[in-house]
Asks: 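The structure follows.
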There are 4 protein chains.
Amino acid sequence: MNEPGARDRILAAAEELFADCGFDATPTSRIAERAGVPKGLVHYYFKRKPDLLTALVERLPEDRLDPAHVVVPGDVAASLHRLVDVLDRSLDSSAMLSHLLWREADTHPAVLDALRSRFGRLVEQIRAVVAAAQPRCAAADVDSAAHLLASAVSYRHSVARHAEDGQDTMHRELRFLADALAAGAGA
Amino acid sequence: MNEPGARDRILAAAEELFADCGFDATPTSRIAERAGVPKGLVHYYFKRKPDLLTALVERLPEDRLDPAHVVVPGDVAASLHRLVDVLDRSLDSSAMLSHLLWREADTHPAVLDALRSRFGRLVEQIRAVVAAAQPRCAAADVDSAAHLLASAVSYRHSVARHAEDGQDTMHRELRFLADALAAGAGA
Amino acid sequence: MNEPGARDRILAAAEELFADCGFDATPTSRIAERAGVPKGLVHYYFKRKPDLLTALVERLPEDRLDPAHVVVPGDVAASLHRLVDVLDRSLDSSAMLSHLLWREADTHPAVLDALRSRFGRLVEQIRAVVAAAQPRCAAADVDSAAHLLASAVSYRHSVARHAEDGQDTMHRELRFLADALAAGAGA
Amino acid sequence: MNEPGARDRILAAAEELFADCGFDATPTSRIAERAGVPKGLVHYYFKRKPDLLTALVERLPEDRLDPAHVVVPGDVAASLHRLVDVLDRSLDSSAMLSHLLWREADTHPAVLDALRSRFGRLVEQIRAVVAAAQPRCAAADVDSAAHLLASAVSYRHSVARHAEDGQDTMHRELRFLADALAAGAGA
DNA sequence: CATGAATGAGATTTCATTCAT
DNA sequence: CATGAATGAAATCTCATTCAT
């Protein structure tokens, strides 16, 4: 009784096919076929093919949450921990979609724009949580913290395009490995 | 006098256009146009369009190096440091190419295979350096160290598809940020 | 008012052009042109060019007939005569089509298969007529008679590929000619 | 030491491929490949692709024979029998080639012309044998006999295009089959 | 609202042929 | 003589999009 409507079936089909074959290599006719709807209906709901992509952006979990649910007044660390836990839980449900959108963002400005504005909303949200947990924080600090955390979340949400942070991680690993090997060899 | 041959001009044009527009959205005719060659010549050198992609894989810097140049006998850490420095230097020259290949690997198995076999060769190379620097290391340790390091290099080379290691990094960052904010707020 | 639909006009055009120039030497664009339809419509109805050939096979007169119309109970010879007369009449209407299909069967397995299954249906039909005319015939005799007659009909329908039976005919002709010449010369 | 020259290898390769795939569907590059010669050499020996077809016509056994070998003076029948035996022996060696040429004759006037002129020479040859065996024959009789026999030979040589003569054969078979079935049923 | 036939621009690919070496 | 890179015309096929019903 709760079977999804044609529009939703089309979007679900598009998501699968775009993930597998890429946007450009997926004909709208194949989307219609997989969704089990006539070809004309795809263009009835989505006048141009790229509209499917922008509609998919809106399918991303909004990561909207009531700050009151996570804020621990006076404890920023605990508040952020709880925030990240909530955000993380919504990640897994949209891993494929996030990955495909991010891949297409390179070549589809509309997707890039959408992802960017999503990012902006995420920053705002974090800022709100921090402000609620610790109202006396300096605005500039809150800003950069919110931005950093939004980056980290988005990074894991869709895989970072540029991995500038890998440097330290790598040298730490490097030292660790060398030590471990030296220890093993010395034994 | 040393102007590149037609085949190279075609590959260079393909690299630029694939990076900008994506593989599927780039007509071979546009590649020919930008390379300044007739359309037929593209297919003379590359029977099928995806062959351009696999040819591009071979254009990645081979990261081949003479182990003797980096090995510091008895000092694995220093050897690896020097190895990574050398590998890093070749990264920058192919950042765009690496990124585009990795993006297309999702939908082009041939590219994925090529990148995978490249990875295998990289592991071998690292193993050789470690073995030369410290011959008494346990084989299993050398194996895992080589694999870890190859992963890290490839990750930065083309952006990891799955960032399983991000978890710890993130919680460390999180704590740091909370502390920093608390300290700032307390001042 | 009864003007044929686009699909039929395409097939008619293909039949004419294939007969004149051969399958491979006929561009689909010329078929569209002669049929008075846009190029894309040919591929809308016939995904691949060889599909035109298999569709053409189905245009052959089916040689289906109601056994009751030709069977003379108790008289196999008369029944078969009437059957052959009926089959012959449908031959002339498709002489060109039959010839072209048989020519292309050499290089298009799909056509060969289709012609073969048509042949099988023809055998069944003859068997049915014989059985109705003379129910007491031995099954094996009916089988071979049906096969022989189907061969002869198909042979004239589309020209036999191998003329194994020509041997006797020829020696008979040869003797006849020699006799005729000898008689003429002796006069 | 007797290995065939490049030109012959090209023709042999063309014969095989034309027989399998048809003239139009066989690229010259594939002919070169199968012949084991560089692509340019095919066009070096055969400026245009259809020249391969006309060269193949000349590869047909010429059916030239010294009338003295078959003529039995005064016995036309015996003379023709011996002539046909000789001609038959050359058939088997070129069955594939004959078949493919005849198939392509429909669409390649040059082949049709070549086959026609071959036919003319065959008629002349037969006429010469008849005339030598029985010089007093009426010219008109000799003409028609020669033409009939040349037809029969060519028919078997390459399969007749239209089988107008099948009618009688068929009704004879028909009567025979009906009789046979009636006899079998009556037993 | 929904449909699928129709359209035509344009993509990939093939290939005979030329020609400089 | 022989070669294979180069050429470009043309073929097959794809597909987003439109539109009459």
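It should be emphasised that the depicted structure is a prediction, and the values quoted were computed from it without experimental measurement. So you know, we letter chains A, B, ... as the sequences are listed, proteins then strands, and number each from 1. All values below come from the heavy atoms of this structure, side chains included, with hydrogens, waters and symmetry mates left out.
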Asks: Measure CZ/C/Arg30 against P/F/dT12 and give the value in whole Å, please.
Replies: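 C/Arg30 atom CZ is separated from F/dT12 atom P by 11 Å.
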Asks: For the pair C/Glu104 (side chain) and C/Phe23 (backbone), establish whether a donor and an acceptor sit closer than 3.5 Å, ignoring hydrogens and angles.
Replies: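 Present.
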Asks: Using a 4.0 Å heavy-atom cut-off to protein, can you give one letter per nucleotide of nucleotides 16-21 of chain F, 5' to 3': B if the base is in contact, S if only the sugar-phosphate is, - if neither?
Replies: SBB---
Asks: Can you tell me how far P of E/dA16 sits from CG of D/Asp51, to the nearest Å?
Replies: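 D/Asp51 atom CG is separated from E/dA16 atom P by 13 Å.
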Asks: In whole Å, I'd like the distance from the CG atom of A/Leu17 to the C1' atom of F/dC15.
Replies: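 A/Leu17 atom CG is separated from F/dC15 atom C1' by 15 Å.
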Asks: Checking the side chain of A/Lys39 only, and the main-chain atoms of A/Glu33 only, is there a donor and an acceptor separated by less than 3.5 Å?
Replies: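 No.
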Asks: Quick one: the dot-bracket string of DNA chain F, using Watson-Crick and G-U wobble pairs with both distances under 3.5 Å, [ ] for crossing pairs and | for bases paired to another strand.
Replies: .||||||||||||||||||||
Asks: State the OH-CD1 distance between A/Tyr44 and A/Ile10, to the nearest 0.5 angstrom.
Replies: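 These two atoms lie 11.0 Å from each other.
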Asks: How close or far is atom C1' of E/dC15 from atom CD of D/Glu33, stated in whole angstroms?
Replies: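 Result: 14 Å.
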Asks: List for me each residue that meets side-chain contact (heavy atoms from CB on, under 4.5 Å) alongside C/Glu16, sequence neighbours excluded, and say none if there are none.
Replies: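 By the side-chain contact (heavy atoms from CB on, under 4.5 Å) rule, C/Glu16 matches C/Arg34.
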Asks: In whole Å, what is the span from the OH atom of C/Tyr45 to the P atom of F/dT14?
Replies: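 Nearest whole value for this atom pair: 17 Å.
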Asks: Would you give the length of the straight line joining atom SG of D/Cys21 to atom NE2 of C/His108, rounded to the nearest 0.5 angstrom?
Replies: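 These two atoms lie 10.0 Å from each other.
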Asks: For A/Leu41 and E/dA2, give me the distance from atom CG to atom P, rounded to whole Å.
Replies: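 Atom-to-atom, A/Leu41 to E/dA2, this comes out as 6 Å.
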Asks: Quick one, B/Leu97 with B/Val57, criterion side chain to side chain contact (heavy atoms under 4.5 Å, CB included). Give me CA distance, side-chain angles, the key distance, then yes/no.
Replies: CA-CA 8 Å; B/Leu97 178 56; B/Val57 175; over 6 Å; no
Asks: What is the separation between atom CG on D/Leu52 and atom P on E/dC15, rounded to the nearest whole Å?
Replies: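 The distance from CG of D/Leu52 to P of E/dC15 comes to 15 Å, rounded to the nearest Å.
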Asks: Determine the minimum heavy-atom distance between B/Lys49 and B/Asp24, stating which atoms define it.
Replies: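 It is NZ-O, 3.8 Å.
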Asks: List the atom of C/Leu56, the atom of C/Leu11, and the distance in Å for their closest heavy-atom pair.
Replies: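 Looks like CD1-CD2, 3.6 Å.
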Asks: Can you see if the side chain of B/Tyr44 gets near the phosphate of F/dG8 - specifically, an N or O under 4.0 Å from OP1 or OP2?
Replies: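 For F/dG8, OP1/OP2 do not have a side-chain N/O of B/Tyr44 under 4.0 Å.
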Asks: Rounded to whole angstrom units, what separation is found between the CZ atom of D/Arg7 and the P atom of F/dT3?
Replies: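 That distance rounds to 16 Å.
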Asks: Has the side chain of A/Arg9 got a donor or acceptor atom that lies under 3.5 Å from a matching backbone atom of A/Ala35?
Replies: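 Side chain of A/Arg9 to backbone of A/Ala35, a donor-acceptor pair under 3.5 Å: yes, one is there.
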